[in-house]
Amino acid sequence: MMGHKPVMIKKPFLFTCAAMLAALPLSAQAPAQPEFPAPSEIVAKANVKDWAAIAPSDLLVMDLAPLNGKVRRVVIQLVHGPFSLGWVGNIRKLAAAKWWDGTSINRVQDNYVAQWGDATEKKALPEGLATVPESEYVTEDFVGRPFYSLKGSWRDSYSHDTGFYRGWPIAFGKEGYWPVHCYGMVGVGRNLSPDTGTGAELYTVIGHAPRHLDRNIALVGRVIEGIEHLSSLPRGTGALGFYEKEEERVPILSVRLGNEIEGLPAYEYLSTEIASFAAYADARANRRDAFFIKPAGGADVCNIPVPVRRKAG
């Protein structure tokens, strides 16, 4: 029987094919795979002009007692008007009066909040604090204001629509617009309705976003640096996570507005009104970078944290 002879391909032919392939125009070759940058990569490449400055006077700086010789500083950005104006005004007065000096972190509830103020509830408040009505939890003063809407990319269970206004997570419905309880947001502790709190008792969210609190408690800011000094604290063993013993509480050394702090870094946030943020929000809603297999197709407003950084230089 005659066997089939193996087909021999000479090396010059291989070289010629490779050379020809390399010489083909790009459009004639296999299409290049599209690149889908991760959200962090989009933020890193954002133009300097895409970042908006945070005024030092809009910062609240809380210094806790050091731990193992290390400084513990928490920096809070106060919310912009038209939201929570009465409470923010009270907070400015409390900071000017140095009212929080000598108070403490007195409640840490797992997957919920860390709360601070006067644990004795006997410290006199400064004069001139406003009594803010419950109607101020929501504002209708929003005509003509820039709003980045997430409608269409995700259905919100707590509102008609969500999005961002000047860097803040916002929701709206028939009543108007309101800030929402995302991780790191700062709110005003209060007693039963109709009490709305003065702003002397504050908390920050350290767990899953408790959106059921929206429109029930005033939101006045967000932690932009140092959240770890609150989220990592031992959980309180009392009801609602309150510390039962005085020695468990974390002393607050001082709370000041940022323009009173010498050497405080300048901070800025990625503007929510520009193309870089739109690309960032889309990347958060539809992860297509190398690690991910299936894009989610949308994102909750609290899953699109607005990038905040120290200003370079």
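All residue numbers refer to positions in the sequence shown, counting from 1.
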How many angstroms lie between [atom1] in [X] and [atom2] in [Y], if you round to the nearest 0.5 Å?
{"X": "His229", "Y": "Asp63", "atom1": "NE2", "atom2": "CG", "result": "9.5 Å"}
{"X": "Met62", "Y": "Ser254", "atom1": "CE", "atom2": "OG", "result": "10.0 Å"}
{"X": "Cys182", "Y": "His208", "atom1": "SG", "atom2": "NE2", "result": "10.0 Å"}
{"X": "Glu134", "Y": "Thr196", "atom1": "CD", "atom2": "OG1", "result": "7.0 Å"}
{"X": "Ser40", "Y": "Lys45", "atom1": "OG", "atom2": "NZ", "result": "10.0 Å"}
{"X": "Phe277", "Y": "Leu270", "atom1": "CZ", "atom2": "CG", "result": "7.0 Å"}

Take Asp300 and Arg155 through the salt bridge (charged side-chain N to carboxylate O under 4.0 Å, His left out) test and state the conclusion after the steps.
CA-CA 8 Å; Asp300 180 88; Arg155 183 176 179 179; over 6 Å; no
Polar side chain donor-acceptor pair, [X] to [Y], under 3.5 angstrom:
{"X": "Glu244", "Y": "Thr237", "value": "yes"}
{"X": "Asp118", "Y": "Thr120", "value": "yes"}
{"X": "Ser149", "Y": "Asp161", "value": "yes"}
{"X": "Ser84", "Y": "Glu136", "value": "no"}
{"X": "Glu225", "Y": "Tyr267", "value": "yes"}

Using a 4.5 Å cut-off on heavy atoms from C-beta on, say whether the side chain of [Y] contacts that of [X].
{"X": "Pro307", "Y": "Tyr269", "value": "no"}
{"X": "Thr272", "Y": "Pro146", "value": "no"}
{"X": "Leu64", "Y": "Leu253", "value": "no"}
{"X": "Phe164", "Y": "Leu150", "value": "yes"}
{"X": "Leu264", "Y": "Leu59", "value": "yes"}
{"X": "Ile206", "Y": "Glu228", "value": "no"}
{"X": "Val75", "Y": "Val223", "value": "no"}
{"X": "Arg309", "Y": "Val43", "value": "no"}

Strictly distance-based, threshold 3.5 Å: is any side-chain N or O of [X] a donor or acceptor partner for the main-chain N or O of [Y]?
{"X": "Ser271", "Y": "Ala52", "result": "no"}
{"X": "Arg284", "Y": "Asn303", "result": "yes"}
{"X": "Arg190", "Y": "Asn216", "result": "yes"}
{"X": "Lys93", "Y": "Gly128", "result": "yes"}
{"X": "Asn90", "Y": "Thr198", "result": "yes"}
{"X": "Arg235", "Y": "Leu233", "result": "yes"}
{"X": "Arg72", "Y": "Ala65", "result": "yes"}
{"X": "Tyr148", "Y": "Arg166", "result": "no"}

If you draw the axis of the six-membered ring of Trp99, does the NZ or CZ of Lys123 fall within 45° of it and under 6.0 Å from the ring centre?
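Cation-pi check for Lys123 and Trp99: passes.
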Taking the six-membered ring of Trp116 as reference, does the NZ or CZ atom of Arg107 fall below 6.0 Å from its centre and within a 45° cone about the axis?
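Judged by the rule (NZ or CZ under 6.0 Å from the ring centre, within 45° of its axis), Arg107 is not positioned above Trp116.
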Please assess Val79 against Val186 for the test side-chain contact (heavy atoms from CB on, under 4.5 Å), listing each intermediate value before the final yes or no.
CA-CA 9 Å; Val79 71; Val186 175; over 6 Å; no
Kindly write out the residues that satisfy side chain to side chain donor-acceptor pair (under 3.5 Å) with Tyr203, not counting sequence neighbours, or none if the list is empty.
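Tyr203 satisfies side chain to side chain donor-acceptor pair (under 3.5 Å) with His181 only.
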Mutual orientation of the aromatic rings belonging to Trp87 and Tyr137 [parallel < 30°, tilted 30-60°, perpendicular > 60°]
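Aromatic pair Trp87/Tyr137 classed parallel.
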side-chain contact (heavy atoms from CB on, under 4.5 Å), that's the test. Do Trp100 and Ile91 meet it? Break it down for me.
CA-CA 10 Å; Trp100 281 289; Ile91 287 170; 3.9 Å; yes
In a check of ring pair (Phe, Tyr, Trp, His ring centres under 6.0 Å) between Phe172 and each of Trp178, Tyr177, Phe142, which one passes?
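Filter result, single survivor: Tyr177.
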